[in-house]
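Side-chain atoms are counted along with the backbone in the values below, which use heavy atoms only and exclude waters and symmetry mates.
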Amino acid sequence: KVRGNDEVVVRTLIGEYVEQGSNHQRKFYKKSPIPGHEAVDVFLYYWDGRDGPAFEGWWFGNQLGGTQVWSHCSGSSMTPPSTGWKIPWDGVVRPSLAVELRRQPHATGVIPANSPAPAAAAAGGGAALTEAADLAKKALEEAKALHSNYSSSEGIQAAEDLLQPHLLRLSESMKRIMEAQRGSGGEQARQLATMGTVIRGAQGLVNTELAKLRASKAKATAAMKQKASDERDQQALSELLPEAVQKTNTAEDAVEKAAITSEMIEAAGEDLDEVRQAVTQTEQAAQEAQKAIGEARIFLNAKQASCRRFESESAKAQAVSELGKLQQQLQAAQNKLNPLKTVRQEFVQRTAAQKLVADVLEKLSPAEVDVDKAEEATMLMSGDSLTKETVQQAEKAVAKASDHVASVLKFIAQKKATASQGIPRDELAKLEERAKGSQTRLAQLKSQHKEASEKSLCASLLAEAAEKIQQVQGTISKAADAEAPFLMGVEDLPLDEALGAVKACETAATAANTAASIARMFLATKLVDAKRFQETLANEATEKLKELQKQLDVAAKRLGELKTNSAARKTRALTREAARRVEGVEAADKAAAEAAAPFEDDAKLSAMSAEAIAKAAEAATEAEAVAAQKVTECRRFLHERQLEARASGAAPELQAELVKHSSRMSAITQEIAKRKRLVASVGERLQALRAVGDARGKVAELAEKVEAVATKVDAVGEGNAPAD
């Protein structure tokens, strides 16, 4: 049996269900047609979890596993659950829907669970409606007309009074039906059940309408109370606002009066008596204004507290808004009054501040004049004709102004340390900012000085560098001029002229080399210095210095060529001179050899007379002396040239030639020594020759004697010996 209310879905489900077969290992049932109702196929069946846990459970649908379903109850029981059914199937559980198993066919309409008889049934339909139900429905229509959509409180009360008796009659009718159902059965029971359904439906409609009426009645009552409280609170607010406004205006007027009075202080000017009187009056007016503000604030605070107890939210909000505005007015007045409360203190501070300002200005004004002068001096540096004197004057003016401003700032700092808080310190702060402004101007002037000084220094640097390059070029030109004797078509000059010209070239080349070294070192140093300038100026100076370096490299190359040519000419001159000297030595040596030739042959020497020998010896001695002198001079010349060649790193060819000539001098020296010994031995050789002659005479004489003896001996042997 399926029980439910009068909703469409529930009416579709209500009825008796008969077992039809098995589905998913459970029995399924189909609703039996109800006479007088539209026939709708409704099945009660079980579906397992093959399509997911959400689809497992018992279902009411138009077919097994169909897409049109009306209710669902999760679970896997073997028989349909009695409760827990959701309508719609994915909605909430509807306790009003229940399924009962028929157990005793003629007692409760329920059959045993294991019986093949119908498994579920429902009480539905009915042949006639009770009079109470009809009257209740008519009363509902009349009630709707009475309350006019719940807009009239009197209509709501009349509708409630109309429906209340009908609800009682319906309850009595339901009791009688329930009593009749206890002993009924079969057709009668079904009719009673149908009647009960109708009565319960009417009963539900009346209860629902009465609930709406009671709610509307309560709402109307609350609205009336709210209206009354709104009127009461609005009345209270309208009574307190004028006084609050009046007190606020009074306070504002008092503050305005005090402000006007305070203006008399400024109007009094330097008249101290009037100033003091104005200060006193301002103090009194400020006290009265403060008193008025205090009274108004106390009144407003009290009224704000009382307004917070209003029951009307609109009145409360209005009170908060209006009183809040007045509080803001009072606060604005208070803010305006606060400076006036310390007018005497401000007067004293202002008097002290005026003296401080005067003392500071006495020092600051001249300092500012110095700053202006420094600025004027700096402006003179902006012209093209920048001189060192102009830069020095500007720097001197800036230094003087800087010292002056620094002393002023120090003076201000001392005054600030002893000055009281308020106006004196504020005025000193303003003057300090003014002095710092002058200090900032001086810093800018120093920056301009640096730029101008760098510009002047750069120009001077470049001019000096160009002058040094010109000096190098000038000395190289002089060295080139020294080559003139060699450029006249006569390369092999006399030795003295050649050596003189070479010496002049060397001297000029040495001077040019010194100038080039100085210029190169100067450029390298200034290239480093130029990098300290500002970027644009540094780049310009570096570019020009590098250009001068290129010119110096060209001049150095030219100088190298001159030095090479001079060295070559010197080598040729020295080589030629050395050869000439060696030739002279060789000629003298040849003459000495010819003079000493008679002494080389002993036969000729022995044939010469003593007088001839003496003359020949004298001639040979003189020739040897001349040759020896020339060897000495040539050797000295070669030795000096060798030392010079080693010191100056002369060409290897020159050094080799000098060594060769030196070796030749050594050989000639040996030959001269040999001839000297030959001439010196003439006397000894003559004596030896005489001794040899004598010895040869004696030997001949002895030989003759020996020959004579030998003849005699031979004669003796033959027996023909003479008598002696």
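Surrounding NZ of Lys526 are more than 12 heavy atoms belonging to other residues, nucleotides or ligands, all under 6.0 Å away. Around atom NZ of Lys468, more than 12 heavy atoms belonging to other residues, nucleotides or ligands sit under 6.0 Å away. Remark: Gln414 CD is packed, more than 12 non-hydrogen atoms of other residues, nucleotides or ligands lying under 6.0 Å away.
A salt bridge links Glu432 with Lys416; the closest basic N to acidic carboxylate O contact falls under 4.0 Å. Between Glu368 and Arg434 there is a salt bridge, with a side-chain nitrogen of the basic residue lying less than 4.0 Å from a carboxylate oxygen of the acidic one. Using a 4.0 Å cut-off between charged nitrogen and carboxylate oxygen, Lys363 and Asp359 do not count as a salt-bridge pair. Under the 4.0 Å criterion applied to side-chain N and carboxylate O atoms, Glu547 and Lys544 are not assigned as salt-bridge partners. Asp553 and Arg520 are joined by a salt bridge, as a carboxylate oxygen and a charged side-chain nitrogen come within less than 4.0 angstrom of each other.
Checking Gln277 against Asp273 by side-chain atom types alone, no donor-acceptor pair falls below 3.5 Å. No hydrogens or angles considered: nothing links the side chains of Asn539 and Glu543 as a donor-acceptor pair under 3.5 Å. The closest side-chain donor-acceptor pair between Glu633 and Gln629 falls under 3.5 angstrom.
Contact check for Gln473 versus Arg558: no side-chain heavy atoms found under the 4.5 Å cut-off. Within the 4.5 Å cutoff, no side-chain heavy atoms of Gln281 are placed close to those of Ser262. Lys341 has its side chain within reach of Gln334: a pair of non-hydrogen atoms, C-beta onward, lies under 4.5 Å apart. You'll find the side chain of Asn301 reaches within 4.5 Å of the side chain of Gln327, heavy atoms only. The shortest side-chain heavy-atom distance between Leu431 and Glu427 does not fall under the 4.5 Å cut-off.
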Going through the checks in order, is the side chain to side chain contact (heavy atoms under 4.5 Å, CB included) test met by His404 and Ser438? CA-CA 10 Å; His404 207 162; Ser438 297; over 6 Å; no

Quick one: do Val320 and Gln304 satisfy side chain to side chain contact (heavy atoms under 4.5 Å, CB included)? Show the steps, please. CA-CA 7 Å; Val320 170; Gln304 279 183 322; over 6 Å; no

Would you please test Gln331 and Arg297 for side chain to side chain contact (heavy atoms under 4.5 Å, CB included) and show each step? CA-CA 9 Å; Gln331 186 59 46; Arg297 181 165 285 137; 3.6 Å; yes

Using side chain to side chain contact (heavy atoms under 4.5 Å, CB included), reason through Val472 and Ile518 one step at a time and then give a plain yes or no. CA-CA 9 Å; Val472 172; Ile518 294 173; over 6 Å; no

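The OG atom of Ser662 sits 7.0 Å away from the CZ atom of Arg635 when rounded to the nearest 0.5 Å. In this structure, CG in Asn513 is found 9.0 Å from OG1 in Thr475, a value given to the nearest 0.5 Å. Note that OG1 of Thr248 and CG of Leu326 are 4.0 Å apart. Values are rounded to the nearest 0.5 Å.
Checked options Ile293, Leu330, Ile260; the residue passing with Val255 is Ile293 (criterion: side-chain contact (heavy atoms from CB on, under 4.5 Å)).
When atom types are taken as modelled, the side chain of Ser365 and the backbone of Glu362 share no donor-acceptor pair closer than 3.5 angstrom. With Ser321 contributing its side chain and Ala317 its backbone, the two residues share no donor-acceptor pair below 3.5 Å.
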